[in-house]
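Beneath this line is the structure, given in structure tokens, with notes to follow.
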Amino acid sequence: MKSFRVNEIFYSLQGEGRNTGRAAIFIRFAGCNLRCSFCDTEFDSYREMTTDDIITAIAPYPARFVVLTGGEPTLQADEAFVDQLHQHGYEVAMESNGTRPAPRNLDWLTISPKPAHITNITHLPHDTHFPHISLTPHEIKIIFDGITNPEDLLSQFVPFPLKKPLLYLQPCDTGHTEQNARLLHECIDYIKTHPQWQLSLQTHKLIDIK
């Protein structure tokens, strides 16, 4: 039976994007093919778990909304795994950096592209472009760093044949209070002049939950 390298499983509220505030079971997979300087997630440690192990671990939680995250979940999670979660009555979302194809049977897909860190990438399919969009994501979340123009980054995506995704800008958490405040205000000003974007805040950090 296939096993997964799982960094942690925890129960909290979704802190970002369209599903902000929803009770969610987070399955964090170990390993990532990018090394972003601003990443605040420890995802290298793990324990081996089968699909049955994971379903047993999440069963006590009352929510039926599961978020597959990492690290980079597309390195491990596949359509068969998502099918198993569906069969147990779960709605399944995924947060990906967009460098690899995501399972096509997800209920919600968030792509957060980080091309500035493409030089550090591993496990990138040779026959693809960046970002790798094999299906239309439900939302695109771009980290606003005050340097990269979000519209320029968005132009790297292939045209979406179906419904256009929601567009979110999220101020980068630099770890410095003054710099974070500056980026927040710049992000707000950018959205006011580019109203196709919406503001995404890391509300879990603001209210001090995991």
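Classified by interplanar angle (parallel below 30°, tilted 30° to 60°, perpendicular above 60°), the ring pair Phe144/Tyr190 is tilted.
In the model, Trp197 has a side-chain atom that pairs as donor or acceptor with a side-chain atom of Glu151 under 3.5 Å. No hydrogens or angles considered: a donor-acceptor pair under 3.5 Å links the side chains of Ser3 and Glu48. When only modelled atom types and interatomic distance are considered, Glu95 and Thr110 share no side-chain donor-acceptor pair under 3.5 Å. Using a 3.5 Å distance cut-off with no hydrogens or angles, the side chains of Asp107 and His86 do pair a donor with an acceptor. Using modelled atom types and a 3.5 Å distance limit, the side chains of Thr50 and Asp52 yield no donor-acceptor pair. Side-chain contact of Glu79 with Gln84: a donor-acceptor pair under 3.5 Å is absent, judged by distance alone. Of the N and O atoms on the side chains of Ser96 and Glu72, at least one donor lies less than 3.5 Å from an acceptor on the other residue.
Across Ser200 and Pro171, no two heavy atoms sit closer than the pair O-CD, 3.4 Å. Closest approach of Ala24 to Gln14, counting heavy atoms only: CB-N, 4.4 Å. The nearest pair of heavy atoms linking Leu199 to Cys187 is CD1-SG, 3.8 Å. Taking both residues in full, the closest heavy atoms of Ala77 and Pro103 are given as O-CG, 3.7 Å, listed atom of the first, atom of the second, then distance. In plain terms, the two heavy atoms of Cys32 and Gly71 that are nearest each other are CB-CA, 3.8 Å. When all heavy atoms are compared, the tightest approach of Ala23 to Tyr11 is CB-OH, 3.7 Å.
The existence of a salt bridge linking Arg47 and Asp53 is excluded, since no basic side-chain nitrogen approaches an acidic carboxylate oxygen closer than 4.0 Å. Look at Glu91 and Arg22 and you find a salt bridge, because one of the NZ, NE, NH1 or NH2 atoms lies within 4.0 Å of a carboxylate O, short of that distance. Using a 4.0 Å cut-off between charged side-chain N and carboxylate O, Arg182 and Glu178 make no salt bridge. Taking the charged nitrogens against the carboxylate oxygens, Glu8 and Arg28 do have a contact shorter than 4.0 Å, which makes a salt bridge.
A continuous path of Ile, Leu, Val, Met, Phe, Trp and Tyr side chains, each step under 4.5 Å between heavy atoms, connects Leu154 with Ile191, placing both in one hydrophobic cluster. Under a hydrophobic clustering in which Ile, Leu, Val, Met, Phe, Trp and Tyr are joined whenever their side-chain heavy atoms come within less than 4.5 Å, directly or via other members, Leu166 and Leu169 fall into different clusters. Under the 4.5 Å side-chain heavy-atom criterion for Ile, Leu, Val, Met, Phe, Trp and Tyr, Leu206 and Tyr168 are members of distinct hydrophobic clusters.
Taking the six-membered ring for Trp and the full ring otherwise, Phe81 and Phe4 have centroids separated by under 6.0 Å.
A donor-acceptor pair under 3.5 Å links the side-chain atoms of Thr203 to the main chain of Gly15, judged by distance alone. Between the Gln76 side chain and the Ala30 main chain, a donor and an acceptor come within less than 3.5 Å of each other. Side-chain atoms of Asn7 do not come within 3.5 Å of backbone N or O of Tyr46 as any donor-acceptor pair. Formation of a donor-acceptor pair under 3.5 Å by the His138 side chain with backbone atoms of Leu109 is found in this model. For the pair Asn180 (side chain) and Thr174 (backbone), a donor-acceptor distance under 3.5 Å is present.
In this structure, Lys2 places its NZ atom where more than 12 heavy-atom neighbours from other residues, nucleotides or ligands lie under 6.0 Å away. Within 6.0 Å of atom CZ in Arg18, 12 or fewer heavy atoms from other residues, nucleotides or ligands are found, so the atom counts as exposed in its surroundings.
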Please test Met94 against Thr74 for side chain to side chain contact (heavy atoms under 4.5 Å, CB included), starting from the C-alpha separation and ending with a verdict. CA-CA 9 Å; Met94 176 180 282; Thr74 60; 3.6 Å; yes
I would like to know whether Leu68 and Leu85 meet side chain to side chain contact (heavy atoms under 4.5 Å, CB included); could you show each step before the answer? CA-CA 11 Å; Leu68 309 180; Leu85 292 174; 4.2 Å; yes
Apply the test side chain to side chain contact (heavy atoms under 4.5 Å, CB included) to residues Leu201 and Leu184: give CA-CA distance (whole Å), side-chain angles for both, the deciding distance (0.1 Å), then the verdict. CA-CA 9 Å; Leu201 298 176; Leu184 172 59; 3.9 Å; yes
Working note: Ile27 + Thr69, criterion side chain to side chain contact (heavy atoms under 4.5 Å, CB included); need CA distance, chi angles, decisive distance, verdict. CA-CA 6 Å; Ile27 302 174; Thr69 185; over 6 Å; no
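Distance CG/Asn97 to NZ/Lys141: 11.5 Å, rounded to 0.5 Å. Put simply, CG on Asp189 and NE2 on His194 are 11.5 Å apart, with the number rounded to the nearest 0.5 Å. Here Ile142 contributes atom CD1 and Leu167 contributes atom CG; the two are 7.5 Å apart, rounded to the nearest 0.5 Å. A distance of 8.0 Å separates CD in Gln87 from CD1 in Ile55, rounded to the nearest 0.5 Å. In this structure, CG in Asn19 is found 11.5 Å from CG in Leu13, a value given to the nearest 0.5 Å. Rounding to the nearest 0.5 angstrom, the gap separating the CD1 atom in Ile25 from the CD1 atom in Ile54 is 12.0 Å.
When side chains are defined from C-beta on, Ile140 counts as touching Pro113, because their heavy atoms get closer than 4.5 Å. Taking 4.5 Å as the limit, every side-chain heavy atom of Met49 sits out of range of all side-chain heavy atoms of Arg5.
In the hydrophobic clustering, where aliphatic and aromatic side chains (Ile, Leu, Val, Met, Phe, Trp, Tyr) are joined below 4.5 Å either directly or transitively, Phe65 groups with Phe10, Phe26, Val67.
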